[in-house]
Amino acid sequence: MTETRTAIVTGAAQGIGAATAQRLAADGLQVAVLDLDADRTQPVVDAITAAGGKALAVGADVADPASVDAAVTKIAEELGAPTVVVNNAGIIRDNLLFKMTVEDWDSVMAVHLRGAFNTVKAAQKYMTEAKFGRVVNLSSTSAQGNRGQANYSAAKAGLQGYTKTLAIELGKYGVTANAVAPGFIQTDMTAATAERIGVPFDDFIKFSAEQIPVARVGQPEDIAHTVSFLVSEGAGFVSGQVIYVAGGPKD
């Protein structure tokens, strides 16, 4: 890396977001650790700082454009122009279609899709001015459909189309856009899924691992390693791709 870059990682208080923030900091980037409540991100910031990196705790509601605009301005002023964005913020409101409420649908769309739109829209001016930018959107294998996740599946599929459009629109400015689609990753979110379907989490992990060619479930660090490559200087010819990180074939 020829200069110090500033990255924004949303939904970074825990799980994949936290692992990604720490990995990017280890790679030499300055990292804005963004979540709904800045206080929740402090342990991640402290871990980065203790390891010799530089990070900033940022609180913002990614679904609210004014909140995102204020956060990105703060990041630019305190860390430097953000030219790397990892849209990881997400929620689940799982239910079968006939039980799913409009509020469940809208809230998932707002965080995943509107949140990714708001964050890139606020940061893209810094990328185009720098003639360098990296956008990584967290999709999911659920984009192909998953029982009880009509809202989540639709949002993750939407992120893939959004990613490809960003790659087309921003490519001439040196900005790449890619999506990472994890399979089963052991996080609080998958624990919540196990609880929803009434299965002990350990059993859920064991059953899932048996369906995965590499015979284990993923860890947040597995996704962080992939994001690390996609935001690197060397990934400048990789754009508009959906990369499945699922321990084996996606089909």
Side-chain angles (χ1 to χ4, degrees), residues 6-26 29-51 53-82 84-94 101 103-123 126 135-140 151-152 155-156 159 180 182 185-196 201 219-221 223-224 227:
T6 296
I8 301 172
V9 182
T10 70
Q14 61 184 1
I16 291 171
T20 298
Q22 292 180 72
R23 173 58 194 262
L24 297 188
L29 284 79
Q30 302 176 136
V31 182
V33 184
L34 188 150
D35 214 298
L36 192 59
D37 182 354
D39 290 341
R40 294 186 63 237
T41 71
Q42 197 59 51
V44 180
V45 171
D46 291 343
I48 290 171
T49 303
K54 186 172 183 180
L56 176 69
V58 182
D61 177 358
V62 295
D64 178 1
S67 179
V68 172
D69 287 346
V72 171
T73 298
K74 173 185 174 72
I75 292 162
E77 291 174 349
E78 298 190 24
L79 282 184
V84 174
V85 170
V86 180
N87 283 307
N88 170 74
I91 60 172
I92 55 172
R93 298 291 185 269
D94 294 351
T101 66
E103 291 74 21
D104 288 341
W105 178 274
D106 287 347
S107 60
V108 169
M109 293 297 169
V111 175
H112 291 268
L113 280 176
R114 192 191 311 154
F117 167 76
N118 288 337
T119 308
V120 177
K121 187 175 182 183
Y126 299 102
V135 177
V136 180
N137 297 317
L138 267 294
S139 182
S140 169
N151 49 5
Y152 185 78
K156 291 305 193 182
L159 277 173
V180 176
I185 307 297
Q186 187 174 341
T187 65
D188 289 344
M189 187 174 285
T190 47
T193 299
E195 183 177 359
R196 173 179 65 84
F201 194 33
Q219 299 299 319
E221 291 74 19
I223 308 306
V227 175

Would you tabulate the side-chain donor-acceptor contacts of residues 108-123 under 3.5 Å, counting partners in other chains and residues two or more places apart, or write 'none'?
residue: His112; atom: ND1; partner: Lys156; partner atom: NZ; Å: 3.2
residue: His112; atom: NE2; partner: Ile91; partner atom: N; Å: 3.2
residue: His112; atom: NE2; partner: Ile91; partner atom: O; Å: 2.9
residue: Arg114; atom: NH1; partner: Ala63; partner atom: O; Å: 3.2
residue: Asn118; atom: ND2; partner: Val62; partner atom: O; Å: 2.9
residue: Asn118; atom: ND2; partner: Ala63; partner atom: O; Å: 3.4
residue: Asn118; atom: ND2; partner: Arg114; partner atom: O; Å: 3.3
residue: Thr119; atom: OG1; partner: Gly115; partner atom: O; Å: 2.8

Legend entry - All salt bridge (charged side-chain N to carboxylate O under 4.0 Å, His left out) counterparts of Arg93, not counting sequence neighbours: none
Legend entry - Where at least one partner belongs to residues 13-25, residue pairs that pass salt bridge (Lys or Arg N to Asp or Glu O under 4.0 Å), sequence neighbours excluded: Arg23-Asp27
Legend entry - Within residues 39-49 or reaching into it, pairs that qualify as salt bridge (Lys or Arg N to Asp or Glu O under 4.0 Å) - sequence neighbours excluded: Asp35-Arg40
Inset, instruction - Output all residues satisfying side chain to side chain donor-acceptor pair (under 3.5 Å) with Thr6, sequence neighbours left out; order by chain, then residue number. - result: Gln30
Inset, instruction - Tell me, please, which residues at least two apart from Leu36 pass side chain to side chain contact (heavy atoms under 4.5 Å, CB included). - result: Asp61
Less than 3.5 Å apart, which donor and acceptor atoms pair up between the side chains of residues 68-82 and the rest of the protein, not counting sequence neighbours?
residue: Thr73; atom: OG1; partner: Asp69; partner atom: O; Å: 3.0
residue: Lys74; atom: NZ; partner: Glu78; partner atom: OE2; Å: 3.0

Legend entry - Nearest heavy atoms of Ala57 and Ala38, plus distance in Å: CB-O, 3.9 Å
Inset, instruction - Return the minimal non-hydrogen interatomic distance between Val33 and Ala21, and the atom names on each side. - result: CG2-CB, 4.2 Å
Legend entry - side chain to side chain donor-acceptor pair (under 3.5 Å) involving Asn137 - partner list, sequence neighbours excluded: Asn87, Thr163
Inset, instruction - May I ask you to decide if Leu159's main-chain N or O and Ser139's side chain share a donor-acceptor pair within less than 3.5 Å? - result: no
Legend entry - Heavy-atom pair with the smallest gap, counting every atom of Ala32 and Val58: CB-CG2, 4.2 Å
Legend entry - Approximate separation, where rounding is to 0.5 Å, of Leu34 CG and Leu56 CG: 9.0 Å
Inset, instruction - Name all residues meeting the side chain to side chain donor-acceptor pair (under 3.5 Å) criterion together with Glu195; count only those two or more places apart in sequence or in a different chain, and write none if there are none. - result: none
Legend entry - Asn88 side chain to Leu138 backbone, donor-acceptor under 3.5 Å: no
Legend entry - Any Val227 side-chain heavy atom under 4.5 Å of Ile16 side chain: no
Inset, instruction - Check whether any side-chain N or O of Thr190 sits under 3.5 Å from a backbone N or O of Ile185 as a donor-acceptor pair, and report yes or no. - result: yes
Inset, instruction - First locate atom CD of Gln219, then atom OG1 of Thr187, and finally report the distance between them rounded to the nearest 0.5 Å. - result: 9.5 Å
Legend entry - With Asp104 via salt bridge (charged side-chain N to carboxylate O under 4.0 Å, His left out) - residues at least two apart: none
